[in-house]
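Nothing fancy with the numbering, it's 1 onward along the sequence. These numbers come from the heavy atoms of this one structure, side chains and all, not from hydrogens, waters or symmetry mates.
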Amino acid sequence: KLTSPENASTFPIVNLKSETLIQQNQAVLGGGVYSYYSILSLSGSATIGTNADNPDRSSADTALSTGINKASTSGGGIYSLYSYLYLGAAWISGAPVTDGYTLTKGIYGNVCTVSSSASDYDKKRGAGGLYLASGPGYFLSGNINCNYGILTGGVYNNNNKTSDYGLHFSGGSIHKNTGLGVYNDTNGQLCMCGSACIGDSGANSVATSDTDCSNSKGGLQNIGITKLGYGYGSKSKLSGGIIRNYGGSGAGITNKGTLLFDSGTIAYNCASTNGGGIYSTTTVNMTSSSDSQYSSITNNSANNGGGLFLSGTDAKLFMTGYAIIGTNGQSAPPSDNTVSGINKAKMGGGIYAESGASMYFGYSSYTNSETNTAVTLNGGVCYNYASQYGGGIYCNGYVSAIEIRMNSGNINANKTYNTSTSYGMGGGVWMNYSCDLYMSGGTINKNFASRFGGGVYLSKDARLFMYGTALIGE
């Protein structure tokens, strides 16, 4: 489904097809293309930027000499405002057509030269590849790769999130950009389904640095609405995801908006500090439509919170269905921190929670014990590794109290191991200071700690309440 402009007959139309090459141009906005109240499409081998098969990461210094486009304010490749953008389609006889119009190239190696001394506002909007605002973008195939921005290397998206506008991403990649892959701003809506990937879809190892990765400042920063596993207003399977990005915090996703995660994977991302998969100060809702269509956070690494880092009283995690942090169905904890399928960190291999964050396993919403929506969780937090505390979950309630509600699901086969007698505590869950775990169902099983608390470790004022069918053990 592609939406067409109601007043399409009044819009200028530009179809960029095979053999189209736009390069070595520069402007304030839209170094390659500036689209305003227009219909713009790319298909075939159409290229904005360099036509090299495997271009290097771009830099401001090499912009024009290597055949790419440059903008001084935003949109090194394309600046699209109040327009309709189609990547992997063509506008034919008054409508967008996809059959026969797959995009094999795309927006490659463009640069925005906003400086490091610019305001945060200018930095985020200074996209090297694509600036998209106040009009929808349909990214069906092709690539937005190897672009450069001081903060946003690939795409800046700020469409009208209350309508069908937004960036609808169902195929292709946003890969190897210097800077963020995507900055989804306050009014932005990003929907991902199909084989869409922010990062490297073929990765099988964790990123190690800002040069050994896909996007060098994280995959996605979400301030608006992001829906993973959604098409045009409804759920649609995502087989791709957000893969092998690097960042300080939130290497896969930094979430400060609304994040709905129904299918796809967040994997092989590495954060130098917190949140290898996701760093969130707001709500993360992990769900699944079936056992073959579910949300997964796995194979990520960080100093704290290998899979997920939650910080602040607005930071909440809801998990239902087959959603999994780690790998489900393991009969034993990981042997060490080198095996595949684990999230790993010093503290909180699966999840690190602080400063009033909360987690709800087997709930899609929760206000209080009388006002909640319990939904079965078949997944959970399983097969993660921490070298100090909290193989599965680490909770620090020193600043503000932390609450965990577990109605169903599993905290299984996690491990914390260290040869020092100061570490190796809380194989499944580690809780310190004002932390409460209310367990009315689910299991905490097959976890390992080299020192204390194979299943659960409680310290200071931390408390555990068990009732109903809750089980620690087999």
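The two residues Cys112 and Thr73 come nearest to each other via the heavy atoms SG-O, 3.3 Å. Shown here for Asn177 and Cys146, the closest heavy-atom pair between the two residues is OD1-N, 3.2 Å. Nearest approach of Tyr366 to Phe318, heavy atoms of both residues: N-CE2, 3.6 Å. Taking every heavy atom of both residues into account, Gly362 and Asn407 meet most closely at O-ND2, 3.5 Å. Of all non-hydrogen atoms in Thr273 and Ala302, the two that sit nearest each other are O-CB, 3.8 Å. The two residues Gly126 and Val114 make their nearest non-hydrogen contact at CA-CG2, 4.2 Å.
In this structure, Phe361 and Val381 have side chains that are in contact, with non-hydrogen atoms separated by less than 4.5 Å.
In Lys316, the NZ atom is crowded: over 12 heavy atoms of neighbouring residues, nucleotides or ligands sit closer than 6.0 Å. Within a 6.0 Å radius of OH in Tyr294, other residues, nucleotides and ligands contribute 12 heavy atoms or fewer.
No side-chain N or O of Ser216 forms a donor-acceptor pair with one of Asp210 less than 3.5 Å apart. Side chains of Thr282 and Asp314: a donor-acceptor N/O pair is absent below 3.5 angstrom, by distance only. Side chain to side chain, Asn184 and Asn222 meet the donor-acceptor criterion of an N or O pair below 3.5 Å. Residues Thr226 and Asn255 bring no donor and acceptor atom of their side chains to less than 3.5 Å of each other.
Lys123 places a side-chain N or O within 3.5 Å of a backbone atom of Ser116 that can act as its donor or acceptor partner. For Ser290 (side chain) and Ser292 (main-chain N/O), a donor-acceptor pair under 3.5 Å exists by modelled atom type.
Under the side-chain hydrogen bond (donor to acceptor under 3.5 Å, both in side chains) criterion, Ser93 pairs with no residue, sequence neighbours left out. Evaluation of the ring pair (Phe, Tyr, Trp, His ring centres under 6.0 Å) rule for Tyr352 yields Phe309, Tyr394 as partners, not counting sequence neighbours.
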task = Go through the steps to decide whether Val284 and Ile253 satisfy the test side chain to side chain contact (heavy atoms under 4.5 Å, CB included), and finish with yes or no.
result = CA-CA 11 Å; Val284 176; Ile253 300 175; over 6 Å; no

request  = Let me see the working for Tyr101 and Ile92 under side chain to side chain contact (heavy atoms under 4.5 Å, CB included), right down to the final yes or no.
outcome  = CA-CA 11 Å; Tyr101 291 98; Ile92 308 293; 3.8 Å; yes

CA sep, side-chain torsions, deciding dist, call: Leu29, Tyr131, side chain to side chain contact (heavy atoms under 4.5 Å, CB included) = CA-CA 9 Å; Leu29 301 172; Tyr131 176 100; over 6 Å; no

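When Asn299, Asn215, Asp212 are each tested for a side chain to side chain contact (heavy atoms under 4.5 Å, CB included) with Arg244, only one passes: Asp212.
Here the CD1 atom belonging to Ile278 is positioned 3.5 Å from the CD1 atom belonging to Ile266, to the nearest 0.5 angstrom. For the atom pair NZ of Lys17 and OG of Ser45, the computed distance is 12.5 Å after rounding to the nearest 0.5 Å. Taking OG from Ser280 and CG from Leu308, the interatomic distance works out to 7.0 Å, rounded to the nearest 0.5 Å. Remark: Lys176 NZ to Thr211 OG1 distance equals 12.0 Å, nearest 0.5 Å.
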Using a 3.5 Å cut-off and no angle test, enumerate the donor-acceptor pairs between side-chain atoms of residues 319-334 and protein atoms at least two apart in sequence or in another chain.
residue	atom	partner	partner atom	Å
Thr327	OG1	Gly341	O	2.6
Asn328	ND2	Asn378	O	3.2

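Taking the six-membered ring where the residue is Trp, Tyr37 and Phe11 present perpendicular rings, their angle passing 60° and hence far from 30°. Taking the six-membered ring where the residue is Trp, Tyr86 and Trp91 present tilted rings, their angle falling between 30° and 60°.
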